[in-house]
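Below is one structure, written out as structure tokens, with a few remarks after it.
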Amino acid sequence: MVSGVAYGAIFSPPDSEGKIVKIASWPQESQQMPGFSKVARHIVNKGCGIVLSKWPHKSKKEQAYNVIGCPLQTKDRLVGVAILMIKQRAKSQQHAVLQLMQWSGVWIEDLVQNSYASQSGYVAFGSNLIRDTLGRQYVRLAAMEVVNQLADRFECDRVSLGLRKGLQVSLQAISRMAHFDSRTQLVRRIEAALEETIDQAASIIEPVSPEHASVQRSVISRANKELAGHHGRGAVCSIPLPGCSGYVGAITLERSADNPFDDEIVSECETLVGMLGPVLEMKQREEQSFVHKSGGAIKTLLTMLFGKAHLKQKFLLFTVLALFTIISVVEGDYRVTAPAGIEGEVRQVLVAQQSGYVFQAKARAGDLVEKNQLIALLDDRDLQLEYKKLQSEKNKIETEYQDALAKWDRTELSILRSKIEQFDAELRLIKGNLARTKLYAPFDGIVVSGDLSQFLGAPVEIGQTLFEIAPLDSYRVIIEVDEHDMANIEVGKPGKLVITAFPQQVFAITTRQIVPMADASEGRNYFRVEATLDEPSKQLLPGMHGVAKIEAGSHKLLWNWTHSAVDRLKLWAWSMGF
């Protein structure tokens, strides 16, 4: 209709991301012209046709063309954009071409509307058919509903539906027939045609149309031909019913010979039958007894396990079963795991032997100390002054005593001797108090707790704990064993200890004592189990923590990994009254 066209293209409307894609072009082998996508987007944004003059051609740079584009619209929406590149023309001719493109776009509206109407009617029929089928209580009634509606929809003389029962097909319904005798020759012919379709898992059409000639060439259709030739020449279309576990049945549609099945009707029938298959399968399963349902479930499971499908799942399942068998047979050492800490075998407490004030701090927690090393000193200035005062008064009394001795005054001598003894006692008391202001280490060890360097000048009371000292060559391991694992703990069992500070080193231990008193901490009950280090190490220090594992015999690997959860489940069941 338009001469001198060099290039033409139709673009789709913008998608959700705003992209415009070329859906058709002329010539077909040509590539999209540069800038045409921008032209199409401009037409979409403007909403009307445009005319562009002097558009350069990519292969003919010396020659310019006109570009004319217009939107293709239905009544309610944009369906595309058409663009033509033609040889240069006058403006009146350009607008004439644009008007011609707009007029020729009217057929697209009719085509879209007809397509929408056809698709809408097809979808509505399929939805109503599935709804009516689901509304029937029994599978035979559902089959009757299907064949009657399909017969009306496709103008068929007869529609038959059969379902598989084992290896055979049982006819369930024939359109417009409430009852039929399964022993008649017609029913047997229909069932044979249905079985032929299911066995080959393909649709069979008689007579074969040119559209299906290539497909039907490899299909055996003897039973369907006999059905088509029964009582005169006719047309037959048999379609298998797909289900969740294979084909569950088939449907046969019959027409007169002068009204064969074309490609469009066969495609629509196959789509509808594909939707009806799972529905009829579900109805058939609902009517089965409990024994049949159980047998079907077992059969499905065995098929999944020993069939050819689901190879990855089967390999994974058999791998899990093999591992489960191995851990159920193989035995392994069982170890009770619990948090543990290092403590000194003994712990010497240094307390304030008298009230006073902190004067000096020679050591603090973490320091290594030697025997008789000065650790801390209390303020003794008041005591020193008191001592000097008493010493001065004693010297005065001694002078008076010498004078009385010279005079040989027995009474005065007796009095002065008593005062001298009194001063001696007070001086000894002050000397003892002065000695108690100094704190010495009782043995070689480490200061576990206590730091008076931050409390110089602070008062202390008699009996107040100032330091704790532990020896360096005598440790014990305290293991906090959960009460659920106490039944597996015995004295003398070996174990391993890993300290957080030395995760790469393992220390051997041996349980020595079980303290028969439970402690509660952080929402759990545990018992203190004391253990000794088989080989003392200078790396270990009191206060270090880690994890200990105590040998508790040999059991199956499955028991080792699951007994804790099983024991807790048994206890819960017992508490619930089971």
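If you're wondering where the values come from, they're calculated on a predicted model, not measured in any experiment.
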**OP:** Answer yes or no: are there more than 12 heavy-atom neighbours, outside K283 itself, under 6.0 Å from its atom NZ?
**Re:**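 More than 12 heavy atoms, drawn from other residues, nucleotides or ligands, come within 6.0 Å of this atom.
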Subject >> Neighbour count >12 (heavy atoms, 6.0 Å) for atom CZ, R222 >> reply: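 Open.
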When rounded to the nearest 0.5 angstrom, what distance separates [atom1] in [X] from [atom2] in [Y]?
X    : Y    : atom1 : atom2 : value
E286 : Y138 : CD    : OH    : 11.5 Å
M275 : T133 : CE    : OG1   : 10.0 Å
L272 : Q149 : CG    : CD    : 10.0 Å
Y7   : I83  : OH    : CD1   : 8.5 Å
R568 : L571 : CZ    : CG    : 9.0 Å
Q168 : L163 : CD    : CG    : 14.0 Å

Distance-only, no hydrogens or angles: does the [X] side chain make a donor-acceptor pair with backbone N or O of [Y] under 3.5 Å?
X    : Y    : result
N66  : R89  : yes
D482 : D485 : no
T271 : S267 : yes
H563 : W559 : yes
Q172 : A143 : no
E281 : V248 : no
N560 : G332 : yes

Would you mind reporting whether [Y] and [X] have side-chain heavy atoms less than 4.5 Å apart?
X    : Y    : answer
R164 : I198 : yes
P13  : I20  : no
P207 : F261 : no
S238 : I251 : no
L161 : V159 : no
E270 : S203 : yes
F527 : D519 : no
E483 : Y526 : no

Among [options], which one satisfies side-chain contact (heavy atoms from CB on, under 4.5 Å) with [X]?
X    : options                : value
R158 : L253, I190, V147, T252 : I190
S221 : I205, I204, T197       : I204
V67  : L52, I86, L84          : L52

**OP:** Validate the cation-pi geometry between R255 and F154: distance from NZ or CZ to the six-membered ring centre under 6.0 Å, angle to the ring axis within 45°.
**Re:**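 The answer is no; the distance or angle limit is not met.
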**OP:** Using the side-chain hydrogen bond (donor to acceptor under 3.5 Å, both in side chains) rule, take E196 and Q200 through it: C-alpha gap first, then chi angles, then the decisive distance, then the call.
**Re:** CA-CA 6 Å; E196 187 176 61; Q200 299 180 84; 4.7 Å; no
Original post:
Should F125 and N128 be marked as a side-chain contact (heavy atoms from CB on, under 4.5 Å) after you check the CA-CA gap, both sets of side-chain angles, and the distance that decides it?
Top reply: CA-CA 5 Å; F125 173 76; N128 293 334; 5.8 Å; no
For [X] and [Y], which heavy atoms make the closest approach, and how far apart are they?
X    : Y    : value
P14  : V44  : CG-CG1, 3.8 Å
H555 : A552 : NE2-O, 3.9 Å
P260 : A235 : CA-CB, 3.9 Å
A340 : I479 : CB-CG1, 4.0 Å
E145 : L129 : O-CD1, 4.3 Å
S328 : K556 : O-CD, 3.5 Å

Original post:
Hey, is R176 close enough to D152 for a salt bridge, meaning N to O under 4.0 Å?
Top reply: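 Salt bridge: yes.
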Subject >> Stepwise side-chain contact (heavy atoms from CB on, under 4.5 Å) test for S256 and D157 >> reply: CA-CA 7 Å; S256 58; D157 297 338; 3.9 Å; yes
Original post:
So which of K493, R335, K496 actually passes salt bridge (Lys or Arg N to Asp or Glu O under 4.0 Å) with E551?
Top reply: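 The passing option is R335.
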**OP:** Using the side-chain contact (heavy atoms from CB on, under 4.5 Å) rule, take V169 and K165 through it: C-alpha gap first, then chi angles, then the decisive distance, then the call.
**Re:** CA-CA 6 Å; V169 175; K165 289 187 177 180; over 6 Å; no
Subject >> Full working for side-chain contact (heavy atoms from CB on, under 4.5 Å) between E331 and S554 >> reply: CA-CA 6 Å; E331 290 189 353; S554 180; 3.4 Å; yes
